[in-house]
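Letters go in sequence order (proteins before strands), and every chain restarts at 1.
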Amino acid sequence: MRAFFLPFIQDALHKAGIETDKEIQIDKPNDKKFGDFSTNIAFLLAKEARKNPRELATQLIALFAFPEGTVTKTEVAGPGFINFHLDPAFFMRSAQEVLTQGEKFGCTDSGKGQKAIVEYVSANPTGPLTIGRGRGGVLGDCIANLLETQGYEVTREYYFNDAGRQMQILAESVRFRYLEKCGQAIEFPTTHYQGDYIGEIAETLFIEHGDELASTEELAIFKESAEAVIFSSIRRTLERLSITHDSFFNEHTLYQSREGEPSPNRQVIDALDAKGFIGNYDGATWFMTTKLGQEKDKVLIKSSGDPSYRLPDIAYHVTKFERGFDLMVNVFGADHIDEYPDVLEALKILGYDASKVKIAINQFVTTTVGGQTVKMSTRKGNADLLDDLIDDVGADATRLFFIMRGKDSHLNFDVELAKKQSKDNPVFYLQYAHARICSLMRLAEKEVGFDEALASGESLPLLDSEPEIDLASSLLDFPDVIQSCLRLLEPQKMVEYLHTVAERYHKFYQECPILKADENIRTARLELSLTVRQVLRNGFRILGISAPESM
RNA sequence: GUGCCCGUAGCUCAAUGGAUAGAGCAUCAGCCUUCUAAGCUGAGGGUUACAGGUUCGAGUCCUGUCGGGCAUACCA
């Protein structure tokens, strides 16, 4: 609907001789007496037009040239708002679009021809996925879905490292547990991975090999089997949540030179050096961030000769630019918050357009069981597992709860609420609306021979009651909501929006008889129901939750 | 100490610098001989942590204070 107003507003500004590159805001007032839509351009442009806002607004409303049957009234209100009142029939005619466009409703081609990469999860294979990781995973998946609706060619990538120090510790952890199985008395180090899964991997090795590995100092087999088991467990968990990746990028490849070229890591060092941002002291190689006003330089290559994580991080992002992505979204948890400014600074120094990189940081998750808060912790054996949560509340609830709060807010995951089968539980509330429509359609086909495949939406303009207009009006917001989610990298807006749609449908259903109405109205109300179902489906698809036909 | 996030109804959370700060839960009062009551309607509930500032207008932006979280490694 916002797209409808823009050209008319621009046209009026043009006639008034006002040129501006300021963004034109079109709002939905929360009070109906202020119309269906409003704009504040008179405030924004008053200064350059050398008029007071009310005066400018009055001038502008005389210049709007809306077609017949769309805007019925335009008025100046308060200190200078311009309010638009729409013809109810216009909502209904517009709602036909939803049926015509079907699953394309809400899509645009604004990202067509552009390549986007969304990086998410990116957990190293040192243990099963924790609940905290799940939030970022769902967030990333939804952002990727959103980008796809705009025509971007999206790559979903998982960045991992199976070669570093943590993997070494993992291998040693498995070996210690294995030696225990072999009957040796081991004092298991507190620095190592405590989780039960270590013992299970060791058990498998013991069953397969007996104690023949006990004498070897070689860690490779412990590492490889641990990695294989853990990675497949991670992927299985993600699959349960419909989180997928197109590409798994191994950090280790950044250490390797190929075709006579230095390794990507080396190239980053050399390029930064050429720009004068590399220092060598204390036996290490430093990224001289002090030159950028930071308090300390950052180590890129440790005195041991190994790169610190920052160097491959930078090199990794360079590969994203080299691979030709126009938009790069990184999703990670708040514990990595210190990591990205250095990466962005380095990219800028190397001459890349860092504004193409967007960061979505999600805050942590706590779970509440019976009113008791349990804080999640990582790198300890007691971290709560994502798999257990999915077992407990199901995939749909897990996904929806992860994104129904703003990513910047700490998430309080109420496990008991997620299991509840009533309107208190937002998952059920949304899905019930969909199932209710499906049930209605089955009945309509049986009792009055309604064929939904033939529904064109042509009868919709017959509807004019308040619940019907409100419903149609909210359906038309869907494309705007997608844009808003993308601008903020925040799928939460979609959850709230769908809740409103479901709420208005339930109200309509309560107040307007459908199958009992006269034939014309009946058809129109069935068509409206189909329209709602389409929007719910399109929204569910972005959020990655299922659309049950009956409950 | 420093950096980032958060502080809004009893609880969980909304509100691209816009008009009287909104939902849901919980509480209270109503609606099923009628298409799914897994639903709907209504009521009460607020000094937006605190103090200043910026402007036509501040929950939102700036400064400071208080409280909570995360990070402050030659770990990732």
Contact under 4.0 Å: Tyr429(A) side-chain N or O vs C40(B) OP1/OP2: yes
Close side-chain approach of Ile26(A) to Ile9(A), heavy-atom, < 4.5 Å: yes
Residue mapping more 5' on RNA chain B - nearest nucleotide basis, Phe508(A) or Gly283(A): Phe508(A)
Sugar-phosphate, base or nothing in reach of Asp282(A), heavy atoms under 4.0 Å: base
Consecutive Watson-Crick or G-U pairs in runs of at least 3, all under 3.5 Å, in which RNA chain B is involved: B:1-7 with B:66-72, B:10-13 with B:22-25, B:27-31 with B:39-43, B:49-53 with B:61-65
Sugar-phosphate only, base, or nothing, as touched by Asp27(A) at under 4.0 Å among non-hydrogen atoms: base
Separation of G3(B) P from Gln294(A) CD (nearest whole Å): 13 Å
Per-nucleotide protein contact string for nucleotides 26-34 of chain B, where B marks a base within reach and S marks sugar-phosphate only (heavy atoms under 4.0 Å, - for neither): S-------S
For C11(B), glycosidic torsion class - syn if within 90° of 0, otherwise anti: anti
Position toward the 5' end of RNA chain B (nearest nucleotide), Ile514(A) or Phe34(A): Phe34(A)
Residue among Phe43(A), Phe37(A), Phe34(A) satisfying ring pair (Phe, Tyr, Trp, His ring centres under 6.0 Å) with Phe81(A): Phe43(A)
Between Gln492(A) and Tyr497(A), a side-chain donor and acceptor under 3.5 Å: no
Nucleotide G22(B), atom C1' - distance to NE2 of His499(A) in whole Å: 13 Å
Distance below 4.0 Å between Lys296(A) side-chain N/O and A73(B) OP1 or OP2: yes
Crowding at CD, Gln294(A) (>12 non-hydrogen neighbours, <6.0 Å): yes
Listed partners of Lys33(A) passing side chain to side chain contact (heavy atoms under 4.5 Å, CB included), at least two apart: Asp31(A)
Under 4.0 angstrom between Lys302(A) side-chain N/O and C75(B) OP1 or OP2: yes
Side-chain touch His499(A)/Val495(A), heavy atoms, less than 4.5 angstrom: no
Enclosure of Glu445(A) CD (heavy-atom neighbours >12, cutoff 6.0 Å): no
By salt bridge (charged side-chain N to carboxylate O under 4.0 Å, His left out) - contacts of Lys420(A) (at least two apart): Asp424(A)
Atom pair distance, as rounded to whole Å: CZ in Arg442(A) and P in C35(B): 15 Å
Working for ring-ring contact (aromatic ring centres under 6.0 Å, His included), residues Tyr159(A) and Tyr316(A): CA-CA 9 Å; Tyr159(A) 175 72; Tyr316(A) 171 51; 3.9 Å; yes
Pairwise salt bridge (charged side-chain N to carboxylate O under 4.0 Å, His left out) hits with a residue in residues 511-535 of chain A, at least two apart: Glu452(A)-Arg533(A), Glu468(A)-Arg525(A), Lys507(A)-Glu511(A)
Test item: Leu311(A) and Phe287(A) side chains (from C-beta on) under 4.5 Å apart, heavy atoms: no
Nucleotide-resolved protein contact map, nucleotides 4-9 of chain B, B/S/- at heavy-atom distance under 4.0 Å: SSS---
Nearest-angstrom distance from the residue atom CZ of Arg487(A) to P of A15(B): 11 Å
